[in-house]
Amino acid sequence: MQAILVGFMGSGKTTIGSLLAQKLKTQHYDLDDLIIQQAGRSITEIFAQSGEEYFRHLEQQKLSQALTNKGILSTGGGTPTIAPNAAVLKASSTPVIWLTAKDQTILERVTQDQSRPLVNDLDQNSLLQLKQKRETLYAAVADLTINTDYLTPLQIVQKIQEWLTN
C-alpha cells in the first residue's frame, strides 16, 4: 500500500481514495467492498444477519490481506476502533491518513444514506457521540490529519500527494 485512509463515515475516504489512486496511477481498494465481495452480501445484510462481531472478524481478515496490495486503501469508519486492526495499522510502514470533518458536515453527508447500518440505528446525537469517541482512536493510528470541510476532493488529494513525496 502507498497510503491508508481512515476516518468517520462521511469523511471522504472512498472518494479521496479513488481520486488519489487515479492521480498516482495505482489501484484503489475499499475495505468495505472487499468484505462485501468475500461475504457475498451487503454490509447492512452482514450486520443484520450475522452481527457486528462477525463483520469485524471479516474486516480484520481483509485488512491484513489488503495491506499486501500496492495502492490506496480506504478503510471503514470503524476499522481502527478494533484493537487488532489499530495494531495492524500502527505497525504498518504504510502512511495512515486521517480525514476529518465537522459534525455538521458529517451529518449532511450521511443522514440520507440507508446503506450505513449505524446511520439507520442511531439518532443524530448518538452518531455524533460515536464520532467523538472514535476521534482519539483515529488520531492514535494517523501519520497525517486533513480536515476536509473547506477543501475540494482535488485539493485534499493534492495535499496528500505533496505530503507523500516529502
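Residues take their numbers from the sequence shown, with the count starting at 1.
- For Ile46 against Arg41, the heavy-atom pair with the smallest separation is CG1-CG, 3.7 Å.
- Looking at every heavy atom in both residues, Ala101 comes nearest to Thr148 through CB-OG1, 3.6 Å.
- A 4.5 Å side-chain heavy-atom check between Pro80 and Val141 finds at least one atom pair inside the cut-off.
- The side chain to side chain donor-acceptor pair (under 3.5 Å) pairs that include a residue from residues 64-73 are Lys62-Gln65, where partners are two or more places apart or lie in different chains.
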Mind listing the side-chain donor-acceptor pairs of residues 156-166 below 3.5 Å, one per line with the distance, residues two or more places apart or on another chain?
residue : atom : partner : partner atom : Å
Gln158  : NE2  : Glu162  : OE2          : 3.4
Thr165  : OG1  : Gln161  : O            : 3.1
Thr165  : OG1  : Glu162  : O            : 3.1
Asn166  : ND2  : Glu162  : O            : 3.1

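- Interatomic distance, CG of Leu31 versus CD1 of Ile4, reported as 10.0 Å (0.5 Å rounding).
- Shown here are the side chain to side chain contact (heavy atoms under 4.5 Å, CB included) partners of Gln61, two or more places apart in sequence or in another chain: Gln38, His57, Leu58.
- Atom CD of residue Gln132 and atom CG of residue Asp103 lie 7.5 Å apart, to the nearest 0.5 angstrom.
- No path of Ile, Leu, Val, Met, Phe, Trp and Tyr side chains, each step under 4.5 Å between heavy atoms, connects Val96 with Leu144, placing them in separate hydrophobic clusters.
- To the nearest 0.5 angstrom, Leu107 atom CG is 9.0 Å from Thr105 atom OG1.
- Atom CG of residue Leu19 and atom OG1 of residue Thr14 lie 12.5 Å apart, to the nearest 0.5 angstrom.
- Atom CD1 of Ile16 sits about 8.5 Å away from atom CD1 of Ile146, to the nearest 0.5 Å.
- Of the listed residues (Glu135, Lys133, Arg134), just one forms a side-chain contact (heavy atoms from CB on, under 4.5 Å) with Lys131, and that residue is Glu135.
- Not counting sequence neighbours, the partners of Lys102 by the side chain to side chain donor-acceptor pair (under 3.5 Å) test are Tyr150.
- No chain of hydrophobic side-chain contacts below 4.5 Å, direct or via other Ile, Leu, Val, Met, Phe, Trp or Tyr residues, connects Ile35 to Ile82.
- A search for side chain to side chain donor-acceptor pair (under 3.5 Å) contacts involving Asp32 returns nothing, not counting sequence neighbours.
- The shortest distance between side-chain heavy atoms of Val88 and Leu67 falls below 4.5 Å.
- Taking Thr79 as the reference, Glu59 meet the side chain to side chain donor-acceptor pair (under 3.5 Å) condition, with sequence neighbours excluded.
- Residues forming a side chain to side chain contact (heavy atoms under 4.5 Å, CB included) with Leu137 (at least two apart in sequence, or on another chain): Thr81.
- At most 12 heavy atoms of other shown residues, nucleotides or ligands fall within 6.0 angstrom of atom CD in Glu53.
- Pairs of residues two or more places apart, or lying in two chains, that qualify as ring-ring contact (aromatic ring centres under 6.0 Å, His included) and include a residue from residues 70-111 are Trp98-Tyr138.
- Using a distance-only test at 3.5 Å, with no hydrogens or angles considered, a donor-acceptor pair links the side chain of Ser11 to the main chain of Phe8.
- Qualifying side chain to side chain donor-acceptor pair (under 3.5 Å) partners for Ser92, counting only residues two or more places apart in sequence or in other chains: Thr94.
- In terms of heavy-atom proximity, Gly7 sits nearest to Lys13 at O-NZ, 2.9 Å.
- Residue Asn147 holds its CG atom at 4.0 Å from OG1 of Thr100, rounded to the nearest 0.5 Å.
- Taking the salt bridge (charged side-chain N to carboxylate O under 4.0 Å, His left out) definition, one finds that Asp149 meets it with nothing, sequence neighbours left out.
- Residues forming a side chain to side chain contact (heavy atoms under 4.5 Å, CB included) with Gln37 (at least two apart in sequence, or on another chain): Leu34.
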Donor-acceptor pairs under 3.5 Å, side chain of residues 20-29 to any protein atom, not counting sequence neighbours: which ones?
residue : atom : partner : partner atom : Å
Thr26   : OG1  : Gln2    : OE1          : 3.0
His28   : NE2  : Ser74   : OG           : 2.7

